[in-house]
Trainee: 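Let me begin by handing over the structure; questions about it come next.
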Amino acid sequence: MKLKQLEGLLGDLQQFSNPKAENSFGDVSNKVVADLGCGCGTLGAAAALLGAEQVIGIDIDSHSLEIASLNAEDLELDINFIQSDIKNLGWRGQIVDTVVMNPPFGTQKKGADMDFLFVALKIASQAVYSLHKTSTRDHIKRVALRAFNASSAEVLCELRFDVPQLYKFHKKKEVDIAVDLWRFVPKDNQGKERKDI
């Protein structure tokens with residue numbers, strides 16, 4: 001599937017935002033992909049449309065999961081959804097090949113984005129794709145490499161997000177922010193193979 005076709009299909013989904021997806025590293029096709037904090041399921045749907053073997057969407061919010069499930073159904077995609085706080089998943093070791101995520105930016109709850117990154121680097125065997133505010137770039141890289149044991153942390157591109165007023169804590173009608181799309185590679189977990197879910 002070409003990127004333009006993918007963007008067209010994803011553009012019709014009910015969603016909070018419209019991120020783009022790219023599969024330049026072979027991290028999605030024929031892989032087990034987890035979408036942490038999946039929200040309306042856009043990133044998970046993109047992974048499924050790009051040929052992921054299995055997609056698992058995880059979110060704490062039941063309403064988000066209802067929307068994600070409807071979106072997957074509309075696109076005739078088989079995506080497994082789990083309602084859970086990422087800290088309570090109970091997964092041990094590198095269970096999935098790739099994690100895709102657009103975590104909370106940590107402005108409402110300080111460090112929320114880092115909680116997601118910590119879990120993602122523990123459960124992914126191949127790569128983690130994540131969006132973070134550009135203003136936190138140095139911090140993200142330092143923590144990923146030193147504290148979270150990533151073997152590499154690379155900004156693939158900088159995006160501009162128009163974030164609409166979706167939540168009560170949003171004070172402005174719309175905010176334009178700079179966001180980095182990161183690719184993190186986790187260190188090998190002593191050569192252990194991924195366990196099928």
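Each residue takes its place number in the sequence, starting with 1.
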Trainee: With side chain to side chain contact (heavy atoms under 4.5 Å, CB included) as the criterion, how do Val96 and Ile56 come out once you've worked through the C-alpha distance, each side chain's angles and the decisive distance to 0.1 Å?
Mentor: CA-CA 9 Å; Val96 300; Ile56 305 149; 4.3 Å; yes
Trainee: When hydrophobic residues are tied together by side-chain contacts of less than 4.5 Å, even through go-betweens, does Met114 share a cluster with Leu145?
Mentor: no
Trainee: Just by distance, no angles: are the side chains of Asp97 and Gln126 close enough, under 3.5 Å, to form a donor-acceptor pair?
Mentor: no
Trainee: How far apart are the closest heavy atoms of Ala178 and Glu158, and which atoms are they?
Mentor: CB-OE2, 3.6 Å
Trainee: With side chain to side chain contact (heavy atoms under 4.5 Å, CB included) as the test, would you mind laying out the steps for Arg183 and Asp27 before giving the verdict?
Mentor: CA-CA 10 Å; Arg183 180 178 185 263; Asp27 294 328; 2.8 Å; yes
Trainee: Are Val32 and Leu121 linked, directly or through other ILVMFWY residues, by side chains that come within less than 4.5 angstrom of each other?
Mentor: yes
Trainee: Any chain of hydrophobic side-chain contacts (each under 4.5 Å) joining Leu131 to Val33?
Mentor: yes
Trainee: Please report the closest heavy-atom contact between Ala47 and Val28, naming both atoms and the distance.
Mentor: O-CG1, 3.5 Å
Trainee: I'd like to know if Tyr129 and Val179 are part of one continuous hydrophobic network [Ile/Leu/Val/Met/Phe/Trp/Tyr, side-chain heavy atoms within less than 4.5 Å].
Mentor: yes
Trainee: Do the side chains of Ile140 and Met101 join up, straight or via other hydrophobic residues, at under 4.5 Å, putting them in one cluster?
Mentor: yes
Trainee: Rounded to the nearest 0.5 Å, what separates atom CD1 in Ile58 from atom CD1 in Ile123?
Mentor: 5.5 Å
Trainee: Would you give the length of the straight line joining atom CD1 of Ile60 to atom CD1 of Ile82, rounded to the nearest 0.5 angstrom?
Mentor: 13.5 Å
Trainee: I need the Leu117 CG to Ile86 CD1 distance, nearest 0.5 Å.
Mentor: 9.5 Å
Trainee: Could you give the distance from CG (Asn88) to CD (Gln83), rounded to the nearest 0.5 Å?
Mentor: 11.5 Å
Trainee: Taking the side chain from Gln94 and the backbone from Ala124, do they hold a donor-acceptor pair closer than 3.5 Å?
Mentor: yes
Trainee: Determine yes or no for a side-chain-to-main-chain donor-acceptor pair under 3.5 angstrom, with Asp35 supplying the side chain and Gly44 the backbone.
Mentor: yes
Trainee: Sequence neighbours left out, what passes salt bridge (Lys or Arg N to Asp or Glu O under 4.0 Å) with Asp180? Give chain and number order.
Mentor: Arg137
Trainee: Can you tell me how far the CD atom of Glu53 sits from the CG atom of Asn30, to the nearest 0.5 Å?
Mentor: 7.0 Å
Trainee: Could you tell me whether the side chain of Thr136 and the main chain of Lys133 form a donor-acceptor pair under 3.5 Å?
Mentor: yes
Trainee: Between Leu43 and Asn102, is the side chain to side chain contact (heavy atoms under 4.5 Å, CB included) condition met? List the steps.
Mentor: CA-CA 8 Å; Leu43 296 177; Asn102 180 7; 4.1 Å; yes
Trainee: Could you walk me through whether Val99 and Phe116 pass the side chain to side chain contact (heavy atoms under 4.5 Å, CB included) test, one step at a time?
Mentor: CA-CA 10 Å; Val99 170; Phe116 274 76; over 6 Å; no
Trainee: When rounded to the nearest 0.5 angstrom, what distance separates CG in Asp113 from NE2 in His132?
Mentor: 6.0 Å
Trainee: For Phe184, give me all partners under ring-ring contact (aromatic ring centres under 6.0 Å, His included), at least two apart in sequence or on another chain.
Mentor: Trp182
Trainee: Do Val55 and Leu77 have side chains that approach each other closer than 4.5 Å (heavy atoms only, starting at C-beta)?
Mentor: no
Trainee: Parallel under 30°, tilted from 30 to 60°, perpendicular over 60°: which one fits the rings of Phe118 and Phe148?
Mentor: perpendicular
Trainee: What's the shortest heavy-atom distance between Pro186 and Ser151, and which atoms?
Mentor: O-OG, 3.9 Å
Trainee: Spell out, as yes or no, whether a donor-acceptor pair under 3.5 Å connects the side chain of Asn71 to the backbone of Cys40.
Mentor: yes
Trainee: Taking everything shown except Arg160 itself, do over 12 heavy atoms lie less than 6.0 Å from its CZ?
Mentor: yes
Trainee: Where is the tightest heavy-atom contact between Ile79 and Ala72, given as atom of each residue plus distance?
Mentor: CD1-CB, 4.1 Å
Trainee: Would you confirm whether Asp59, through its side chain, and Ser64, through its main-chain N or O, come within 3.5 Å as a donor-acceptor pair?
Mentor: no
